[in-house]
Protein chains: 2
Amino acid sequence: MELNERMKTILTAVVHRYITTAEPVSSGIIAQKYNLNLSTATIRHEMYLLEKNDYLWQPHTSSGRIPTDRGYRFYVDNLMVKNYLKEKEKREIIQIYKKSKEFEETMKITSQLLSNLTNNIGVVLAPVIYNNIVKNIQFVSVGNNRILTVIVTDTGLVCQKIISVSGEINTDRLSYLSNFINSKLAEKDINITNLNNILMDELDKIISFQEKFNYIHNFLEECFDIEYSENKVYLDGRINIMKHPEFKEIDKLNYILSLIEEENILANTIRRYLGFRKTKITIGKESKLKEMQNCSLVTSEYSIKGKPVGAIGILGPTRMDYPRMVSIAEYISDKLSEILSEF
Amino acid sequence: MELNERMKTILTAVVHRYITTAEPVSSGIIAQKYNLNLSTATIRHEMYLLEKNDYLWQPHTSSGRIPTDRGYRFYVDNLMVKNYLKEKEKREIIQIYKKSKEFEETMKITSQLLSNLTNNIGVVLAPVIYNNIVKNIQFVSVGNNRILTVIVTDTGLVCQKIISVSGEINTDRLSYLSNFINSKLAEKDINITNLNNILMDELDKIISFQEKFNYIHNFLEECFDIEYSENKVYLDGRINIMKHPEFKEIDKLNYILSLIEEENILANTIRRYLGFRKTKITIGKESKLKEMQNCSLVTSEYSIKGKPVGAIGILGPTRMDYPRMVSIAEYISDKLSEILSEF
DNA sequence: AATTAGCACTCTCATAGGGAGAGTGCTAAA
DNA sequence: TTTAGCACTCTCCCTATGAGAGTGCTAATT
């Protein structure tokens, strides 16, 4: 069924009202607060139709209406108007970012900004390094048979990993190895995902006529499984979720709590959205994850030097101010892209 | 007032009973479950005295008794019997630790173990590096005018920090600098806390007759404020706290939530306990922190090569099984010490 | 002098009933 | 097509009530 203009207006009114009050919205309130010049009876009839088509529902007969996931979806896709941030807010965000010169801190600040601005949970997925072009590799001996491997990618990201090797590794061999690898890197574009394979092939060639040190083999293998390391996630504002009236009682938090506890669930969800669209909204049961059935998630990608590498997200109840969430997510991801590109 | 033996027995019984049921303990239950061969009236009288001396309290007249913070304190100091872990549990812990070969992961596993074994919040304070002797410093150029500084301490800890310098820094100068610093380090014991001052003094001497590069000054200053960097904290089991009946309603969580949200509060609290005693128990209002008034915290130090460097902690409601918490904290901190010393 | 039985008293908790209020669905009139 | 009018439904809050748990106190017992 196609919604007519009046139904769209009423659906919009219900969504807006419910977002601000968290109370079921009655026909009377709509008539009173949103001047549609319609009687409550007429509005009631339209609401009845909206309910029949699964855009609204009632907690019980004789109560007002609440938008369904489908109602929110229709609102988000067809009705909502972008709500740009005020200049003052933008300036404040820029001000806060100025404090930080370091990568880690920038990530932390971003998640804090997200949660503070939205009163929801702020999520930042650290840049994924798969497929980044490797520019340079260096090895630093840090004692006790441990080597710190430092990989610098074309986007300027620095990945570090300490690995233990069996037996003392000679500093000369180490620099020989890094020189060798860096010369190979200079020859062609090698990304982290295939770094290991390509280097192993090359190494096999020279090993036949060079001295044979097996452990370098193992060493390299350990170094370059970085791609399998889990992406770091920055979470902030966990307690915000508990301030929302829909979660007054702890039992109602049930599933959401695992999102708060296990950062990986959120990280994986967001990672899966990467590379499709700048901004993505997932509403309630649209997510297959049972942990997210009562929540909505707004994610927005950020990039380094034009290359999308990660995403930020806002997690809250389905009853969230979508226009504002989207504007905040997009503004912050743009700022973050700028800052990371400058690093 | 000195407690007589019978009062101690009754206090112990009340604590034990309350820890397991979370319900106020009545005189009837004590008479029935703990065979003291006393009538309820007698027990009631003793409980009345215990209440008058602030070891017990009643939520309302005509309800059973609950231990006060003071009651728990007396129990912990004078009545409780250490409850060693079962061999099976010990084996399981060792098994789980075997999975991890990396520092970061070891820390994470430790906090998970703590929370899983105790059903409370597990906290691990990463090793503090202040006053550690500096063994070696290296600089790695990671492009875009950024230098990765790697400091290795005598306990084998590796601190890394990326700093930005103004203008390109010559690789030769960088290695000259690191050679210079490392030669100074070899001459005498220099710890991280005074590293900056000593090096600045030394640098001033040579700078007078060496070429003058101001920016190295600034560069060094930035490098060596590591001591002011905040200690990392690993938290796990945040949602455990919500499973306890005393926190059934969200409002009752009030203060504790800030502990869950702001890791620094906990980190600072634990850090302040460092260096005094292996294990420390803080019960409810004994902590000056308002955030901890409804909680207890059991902390236990761990060390690397005999040198105490950090602590682990268990955070839960004051109604916790103290003997078990202490055994777990001590066992885990010992294991962690072993593992970190081997790295 | 210490302990205990007995009992009145207090407080919680669960249940039910009743009335006010909000909001709906339906119908007939405009 | 819209609306006024009204009966109906459901929630919420208040009150009353009674059972049950547990205490404090007193007088009797050991």
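Naming convention: chains lettered A, B, ... in sequence-line order (proteins, then strands); numbering from 1 in each chain.
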Separation of atom CD1 in B:I66 from atom P in C:dC11, rounded to whole Å: 16 Å
Taking atom C1' of C:dG23 as reference, at what distance in whole Å does atom OH of A:Y48 sit? 17 Å
Between C:dA22 atom C1' and A:E23 atom CD, what is the distance in whole Å? 12 Å
Got a salt bridge between B:E263 and B:R238, using NZ or NE/NH1/NH2 to carboxylate O under 4.0 Å? yes
Only one of B:V124, B:T110, B:L85, B:I314 clears side chain to side chain contact (heavy atoms under 4.5 Å, CB included) with B:I332; which? B:T110
Regarding A:T12 and A:Y34, do their side chains bring together a donor and an acceptor under 3.5 Å, going by distance alone? no
Does B:K90, at its NZ atom, have more than 12 non-hydrogen atoms belonging to other residues, nucleotides or ligands within less than 6.0 Å? yes
Every protein N/O lying under 3.5 Å from an N/O of nucleotides 13-16 of chain D:
none

Report the residues that fulfil ring pair (Phe, Tyr, Trp, His ring centres under 6.0 Å) with A:H244, sequence neighbours left out, ordered by chain and then residue number. none
Rounded to whole Å, the CZ-P distance (B:R6 to C:dA1) equals 16 Å
Check the distance between D:dG22's P and B:W57's CH2 and give it to me in whole angstrom. 16 Å
Residues, nucleotides or ligands: over 12 heavy atoms within 6.0 Å of A:K108 NZ: no
Aromatic rings B:Y72 and B:Y322: how do their planes relate, parallel, tilted or perpendicular, breaks at 30° and 60°? tilted
Is the number of heavy atoms from other residues, nucleotides or ligands within 6.0 Å of CZ (A:F247) greater than 12? yes
Contacts under 3.5 Å, N or O only, protein and nucleotides 10-12 of chain D:
residue, atom, partner, partner atom, Å
D:dC10, OP1, A:T61, OG1, 3.2
D:dC10, O4', A:S62, OG, 3.3

Gap between atoms CG and P, on B:N4 and C:dA2 respectively (whole Å): 11 Å
Separation of B:L50 atom CG from D:dG24 atom P, in whole Å? 12 Å
Calculate the interatomic distance between A:K52 atom NZ and C:dC26 atom P; express it in whole Å. 11 Å
In numerical order, the residues of residues 26-46 of chain A whose heavy atoms come under 4.0 Å of DNA chain C are A:S26, A:S27, A:R44
When you check the gap from the basic side-chain N to the acidic O, do B:E46 and B:R65 get nearer than 4.0 Å? no
Of all residues at least two apart in sequence or in a different chain, which pass the side chain to side chain donor-acceptor pair (under 3.5 Å) check with A:N268? A:R271
Positions of residues 8-15 of chain B (non-hydrogen atom under 4.0 Å from DNA chain C), listed by number: none
